[in-house]
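Residues: numbered from 1 along the sequence shown.
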Amino acid sequence: MNRFRTIPFLLVALIVLSGCRVEWTSSTGKVEKEEQGFTLDLFNDLEKGMTYPEVVDVIGQPGIPEGEEDNGENDSVYRWEEDEKMVIISFQRGRLTMKEQFGL
């Protein structure tokens with residue numbers, strides 16, 4: 001008789017859990033880009049003083065240079081676009097000084 005109570009309980013648990021979504025993160029705690037795309041959380045992970053390679057590591061792809069490309073080592077501006085979302089980052093002396101976002 002106990003077995004007949006267990007089966008409906010397991011079915012209900014399976015139905016409830018099937019609606020749950022699990023996000024896998026990397027060792028840095030960031031959700032992989034292909035799972036989430038550009039988000040405000042990802043944008044907020046960008047901090048003043050970061051180098052261009054550090055920004056690329058967070059975003060997951062190189063930016064499009066606005067002007068001459070110098071890999072963020074001098075004064076430069078890069079932009080990243082995805083659908084209707086855009087991030088613009090300015091570097092001075094190779095360090096992030098300003099960031100803007102649109103559509104996140």
Side-chain angles (χ1 to χ4, degrees):
M1 188 60 116
N2 226 0
R3 186 179 351 182
F4 294 113
R5 290 184 185 164
T6 304
I7 293 173
F9 174 77
L10 290 175
L11 287 174
V12 168
L14 182 63
I15 292 170
V16 169
L17 291 176
S18 68
C20 295
R21 179 177 162 203
V22 176
E23 289 185 354
W24 297 98
T25 59
S26 67
S27 60
T28 61
K30 298 181 198 80
V31 176
E32 297 300 322
K33 180 187 176 301
E34 56 269 7
E35 291 180 15
Q36 73 173 12
F38 287 152
T39 65
L40 191 55
D41 287 337
L42 185 113
F43 177 79
N44 289 334
D45 285 344
L46 302 172
E47 300 175 358
K48 282 189 176 186
M50 293 177 98
T51 64
Y52 176 75
E54 291 171 328
V55 170
V56 169
D57 186 48
V58 170
I59 294 178
Q61 63 184 353
I64 300 166
E66 299 288 312
E68 292 185 36
E69 184 173 3
D70 67 3
N71 294 323
E73 294 177 9
N74 297 304
D75 296 347
S76 55
V77 177
Y78 286 84
R79 96 180 124 76
W80 287 260
E81 293 183 67
E82 178 182 274
D83 301 323
E84 295 182 12
K85 304 171 189 176
M86 183 172 21
V87 173
I88 298 175
I89 299 178
S90 297
F91 295 88
Q92 288 183 344
R93 293 186 206 107
R95 300 289 179 170
L96 189 154
T97 57
M98 193 254 335
K99 61 181 184 174
E100 297 179 87
Q101 60 84 15
F102 305 94
L104 298 183

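- The closest donor-acceptor contact from the side chain of Ser90 to the backbone of Thr97 lies at 3.5 Å or more, if one exists at all.
- Linking ILVMFWY residues whenever their side-chain heavy atoms come closer than 4.5 Å, directly or via other members, places Ile59 and Leu40 in the same cluster.
- Rounded to the nearest 0.5 angstrom, Met86 CE and Arg79 CZ are separated by 7.0 Å.
- Atoms CG and CG, from Leu96 and Leu46 in turn, are 6.5 Å apart once rounded to the nearest 0.5 Å.
- Side-chain heavy atoms closer than 4.5 Å link hydrophobic residues (I, L, V, M, F, W, Y) into clusters, and following such links, possibly through other members, connects Tyr52 to Phe43.
- A heavy-atom distance below 4.5 Å is found between the side chains of Val55 and Trp80.
- Rounded to the nearest 0.5 Å, atoms NZ (Lys48) and NZ (Lys99) are 9.5 Å apart.
- Between the side chain of Tyr78 and the backbone N or O of Phe91, no donor-acceptor pair lies under 3.5 Å.
- Between Val58 and Met50, the closest side-chain pair of non-hydrogen atoms falls below 4.5 Å.
- The hydrophobic clustering, which links ILVMFWY residues whose side-chain heavy atoms are closer than 4.5 Å, places Leu104 and Leu42 together.
- From Ile88, atom CD1 reaches atom CD of Glu81 across 8.0 Å, with rounding to the nearest 0.5 Å.
- Counting only distance, with no hydrogens or angles, the side chain of Asp57 and the backbone of Pro53 share no donor-acceptor pair below 3.5 Å.
- Here the side chains of Arg95 and Thr51 are in contact, with some heavy-atom distance below 4.5 Å.
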